[in-house]
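None of these values were measured; they are calculated from a predicted model.
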Amino acid sequence: AELDSSEQTAASQRPVRVLTVRNADASSIAQTIDALFAEEASVSSPPVVRVDTDANALVIRADLAQLERIDQLVSQLDDAAVLSVSIRPA
């Protein structure tokens with residue numbers, strides 16, 4: 001029973017979140033997230049990032065602090081994609 005409860009606690013501390021990417025390519029953002037957190041892998045478990053290509057969305061399992069950082073990063077990169085498209089000459 002102790003094993004079950006510790007697994008449930010670990011899962012609840014690393015929830016799954018889906019982040020929809022509106023302008024950028026979700027696969028590119030996933031690679032960026034993986035690279036950034038790979039550098040910190042010795043400190044904590046890196047987040048698990050998967051891409052739903054049909055929805056252009058990221059499916060992420062991470063601790064709450066990582067989710068907050070990832071959410072901010074995705075927003076910034078997605079916003080930057082809009083700017084880079086709108087700035088390009090026609």
TODO: Give the minimum heavy-atom separation between Pro47 and Ile60, together with the two atoms involved.
DONE: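 Result for this residue pair: CB-CG2, 4.5 Å.
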
Open item on the list: Thr32 and side-chain contact (heavy atoms from CB on, under 4.5 Å): which single residue from Val74, Leu77, Val49 fits?
Closed with: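 With Thr32 as partner, Val74, Leu77, Val49 yield a single side-chain contact (heavy atoms from CB on, under 4.5 Å), made by Leu77.
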
- [ ] Return yes if some donor-acceptor pair links the side-chain N/O of Gln76 with the main-chain N/O of Asp71 below 3.5 Å, else return no.
- [x]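 Not confirmed, Gln76 side chain does not pair with Asp71 backbone.
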
Can you tell if the side chain of [X] reaches within under 4.5 Å of the side chain of [Y], non-hydrogen atoms only?
X: Ile33; Y: Leu58; result: yes
X: Gln13; Y: Asp63; result: no
X: Val48; Y: Arg14; result: yes

Task: side chain to side chain contact (heavy atoms under 4.5 Å, CB included) against Ala24, all qualifying residues, sequence neighbours excluded - done: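 Ala24: side chain to side chain contact (heavy atoms under 4.5 Å, CB included) contacts with Val21, Ile29, Asp78, Ala81.
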
Task: By salt bridge (charged side-chain N to carboxylate O under 4.0 Å, His left out) - contacts of Arg17 (at least two apart) - done: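 Not a single residue meets the salt bridge (charged side-chain N to carboxylate O under 4.0 Å, His left out) criterion with Arg17.
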
Open item on the list: Let's go through Val59 and Val16 carefully: what are the C-alpha distance in whole Å and the side-chain angles of both, what is the deciding distance for side chain to side chain contact (heavy atoms under 4.5 Å, CB included) to 0.1 Å, and is it a yes or a no?
Closed with: CA-CA 7 Å; Val59 181; Val16 174; 3.9 Å; yes

